[in-house]
*Asks:* 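This structure is in structure tokens; I'll ask about it shortly.
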2 protein chains.
Amino acid sequence: MMVYKMAGHLIRRLNQISTHVFAQHMQQSGLDLTPVQFAAMDAIAANPGIDQAGVAAKIAYDRATIGGVIDRLLKKGYVTRQVSTQDRRARVLHLSNAGQTLFEDIFPTVQALQDEILPGLNAKERALFMELARKAVAPTSPQGSGDS
Amino acid sequence: MMVYKMAGHLIRRLNQISTHVFAQHMQQSGLDLTPVQFAAMDAIAANPGIDQAGVAAKIAYDRATIGGVIDRLLKKGYVTRQVSTQDRRARVLHLSNAGQTLFEDIFPTVQALQDEILPGLNAKERALFMELARKAVAPTSPQGSGDS
DNA sequence: GGATAATAGTAAGTATAGATACTAAATTGC
DNA sequence: GCAATTTAGTATCTATACTTACTATTATCC
């Protein structure tokens with residue numbers, strides 16, 4: 001069982017715990033929102049009128065996945081999608097009123113749950129982990145992604 | 001864009017880089033093997049005759065996902081699956097000769113690629129990251145998973 | 001030893017996650 | 001200003017990843 005000592009395996013486990021903690025808190029809040037859906041809403045909230053490719057670039061996803069994510073956010077009524085008047089290829093995105101309310105409501109919960117993602121670490125270790133993670137990710141983060 | 005400072009987002013990015021690096025090296029080696037498939041083969045190599053639920057427990061997956069992973073490894077001819085003589089519910093797994101050869105061939109590559117997963121970190125930082133990651137994951141790792 | 005509970009595997013359904021390819025539209029080069 | 005390239009979105013396909021539910025089988029308990 002060599003995988004136990006490999007970075008890839010540990011990172012996958014961390015991601016597994018992360019999504020699990022997120023799902024648990026959403027369920028407790030009676031909400032049906034996934035981590036990607038939240039990230040997409042964050043990108044739209046910070047950049048009203050952004051298009052799907054823009055969202056994908058901001059949160060480091062491919063266009064195909066984000067297309068599906070936006071479909072589901074549309075179906076839930078959290079975002080609006082309109083053909084851009086500047087560029088008829090692009091779809092301009094905004095949070096709906098319901099989406100804005102939801103995002104503001106859920107934000108403190110999502111912020112708070114982050115500490116539970118690293119259950120074996122104390123505050124100091126978590127800060128160190130975050131610093132290393134940020135540094136590790138930086139080289140592959142595109143300019144202006146903010147992902148520094 | 002609050003997600004940039006959240007552990008969940010950074011961990012997802014790390015996992016994304018990790019799977020990307022893995023896929024790249026496999027392609028360069030002319031092989032068609034995913035991270036999970038490799039992890040499953042590692043579990044079977046270390047525990048010949050283990051069943052699917054055992055593999056799932058060893059590498060922290062659910063039974064449904066592992067069922068599909070084993071299906072694909074079977075189709076590629078890397079593992080064998082037989083109904084257990086002790087327990088007719090269970091399927092006993094072994095690496096085939098081809099699987100054993102492949103696993104031994106690919107192992108050094110997989111070992112070596114781990115450093116590329118954390119491109120922004122030097123050796124010392126990587127070691128620290130690994131230690132923190134192991135510690136972070138430990139509380140949620142079941143007894144005997146080896147995932148300490 | 002027979003009802004009950006637990007377990008192995010599968011099936012069905014949802015949601016990422018990303019590669020590839022295609023259409024429509026915009027940009028660039030000259 | 002038009003051909004060539006690039007880009008936005010979608011469609012298709014494969015592979016996780018997990019939940020719930022179901023069947024078959026085994027283990028447990030009284």
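The sequence lines fix the lettering, A, B, ..., with proteins before strands; numbering per chain opens at 1. These numbers come from the heavy atoms of this one structure, side chains and all, not from hydrogens, waters or symmetry mates.
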*Asks:* Measure CG/Asp71(A) against C1'/dT14(C) and give the value in whole Å, please.
*Replies:*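 Spelled out: CG on Asp71(A) to C1' on dT14(C) is 14 Å.
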*Asks:* Might you confirm whether atom CD of Gln28(A) has over 12 heavy atoms from other residues, nucleotides or ligands at distances under 6.0 Å?
*Replies:*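 Check passes, neighbour count above 12.
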*Asks:* Go nucleotide by nucleotide along DNA chain C from the 5' end; which of Ala90(B) and Lys76(A) gets its closest nucleotide reached first?
*Replies:*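 In this pair, the answer is Ala90(B).
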*Asks:* Between the axis at one end of the helix from dG1(C)-dC30(D) to dC30(C)-dG1(D) and the axis at the other (five pairs apiece), what's the angle to 10 degrees?
*Replies:*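 Helix axis angle between the two ends: 30°.
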*Asks:* Does Tyr78(B) have any ring-ring contact (aromatic ring centres under 6.0 Å, His included) partners at least two apart in sequence or in another chain, and if so, which?
*Replies:*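 For Tyr78(B), no residue satisfies ring-ring contact (aromatic ring centres under 6.0 Å, His included) once neighbours in sequence are set aside.
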*Asks:* Could you list the residues that satisfy side-chain contact (heavy atoms from CB on, under 4.5 Å) with Arg81(A), not counting sequence neighbours?
*Replies:*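 Per chain and number, Arg81(A) pairs via side-chain contact (heavy atoms from CB on, under 4.5 Å) with Gln52(A), Ile70(A), Asp71(A), Leu74(A), Arg91(A), Leu93(A).
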*Asks:* Would you please say whether a donor-acceptor pair under 3.5 Å links the side chains of Arg13(B) and Tyr4(B)?
*Replies:*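 Absent: no donor and acceptor within the cut-off.
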*Asks:* Between dA15(C) atom C1' and Lys75(A) atom NZ, what is the distance in whole Å?
*Replies:*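 Rounding to the nearest Å, NZ of Lys75(A) and C1' of dA15(C) are 11 Å apart.
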*Asks:* Tell me if the CD atom of Gln86(A) is crowded by more than 12 foreign heavy atoms within 6.0 Å.
*Replies:*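 No, not enclosed.
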*Asks:* Without decimals, in angstroms, what is the distance between Arg81(A) CZ and dG9(D) P?
*Replies:*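 Nearest whole value for this atom pair: 9 Å.
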*Asks:* Please report the shortest heavy-atom distance between Asn47(B) and Met1(A), naming the atom on each side.
*Replies:*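 Nearest heavy atoms, Asn47(B) then Met1(A): ND2-SD, 3.8 Å.
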*Asks:* What integer distance in Å separates Phe22(A):CZ from dA15(C):C1'?
*Replies:*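 Rounding to the nearest Å, CZ of Phe22(A) and C1' of dA15(C) are 13 Å apart.
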*Asks:* Would you say Val83(B) and Val55(B) are hydrophobically clustered, going by side-chain heavy atoms of ILVMFWY under 4.5 Å?
*Replies:*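 Different hydrophobic clusters.
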*Asks:* Under a 4.5 Å side-chain heavy-atom rule over Ile, Leu, Val, Met, Phe, Trp and Tyr, are Val92(A) and Val69(A) clustered together?
*Replies:*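 Cluster IDs for Val92(A) and Val69(A) differ.
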*Asks:* Nearest-Å distance, CD (Gln86(A)) to C1' (dA8(D))?
*Replies:*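 Taking CD of Gln86(A) and C1' of dA8(D), I get 15 Å after rounding.
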*Asks:* Could you pull out the closest heavy-atom pair between Glu125(B) and Leu132(A), with the gap in Å?
*Replies:*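 That would be CB-CD2, 3.9 Å.
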*Asks:* By a strict heavy-atom criterion of less than 4.0 Å, which residues belonging to residues 44-54 of chain B are in contact with DNA chain D?
*Replies:*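 Heavy-atom cutoff 4.0 Å gives no residues at all.
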*Asks:* Please give, in whole Å, the distance from dG9(D) P to Leu74(A) CG?
*Replies:*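 Going from Leu74(A) (CG) to dG9(D) (P), I get 12 Å.
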*Asks:* Sugar-phosphate atoms are those with a prime plus P, OP1 and OP2; base atoms are the rest. Using that split, label each nucleotide of nucleotides 16-25 of chain C B, S or - for protein heavy atoms under 4.0 Å, 5' to 3'.
*Replies:* SBBB----BB
*Asks:* Can you name the nearest heavy-atom pair linking Gly49(B) to His94(B), along with the distance?
*Replies:*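 Result for this residue pair: N-CE1, 3.4 Å.
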*Asks:* What is the distance from CG of Leu33(B) to P of dA15(D), rounded to the nearest Å?
*Replies:*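 Distance, rounded to whole Å: 11 Å.
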*Asks:* Identify each donor-acceptor pair in which a side-chain atom of residues 101-109 of chain B lies under 3.5 Å from a protein atom, sequence neighbours left out, and give them as a table.
*Replies:*
| unit_1 | atom_1 | unit_2 | atom_2 | d |
| --- | --- | --- | --- | --- |
| Thr101(B) | OG1 | Asn97(B) | O | 2.9 |
| Glu104(B) | OE2 | Gln100(B) | NE2 | 2.8 |

*Asks:* Calculate the interatomic distance between Ile70(B) atom CD1 and dA15(D) atom P; express it in whole Å.
*Replies:*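 The distance from CD1 of Ile70(B) to P of dA15(D) comes to 14 Å, rounded to the nearest Å.
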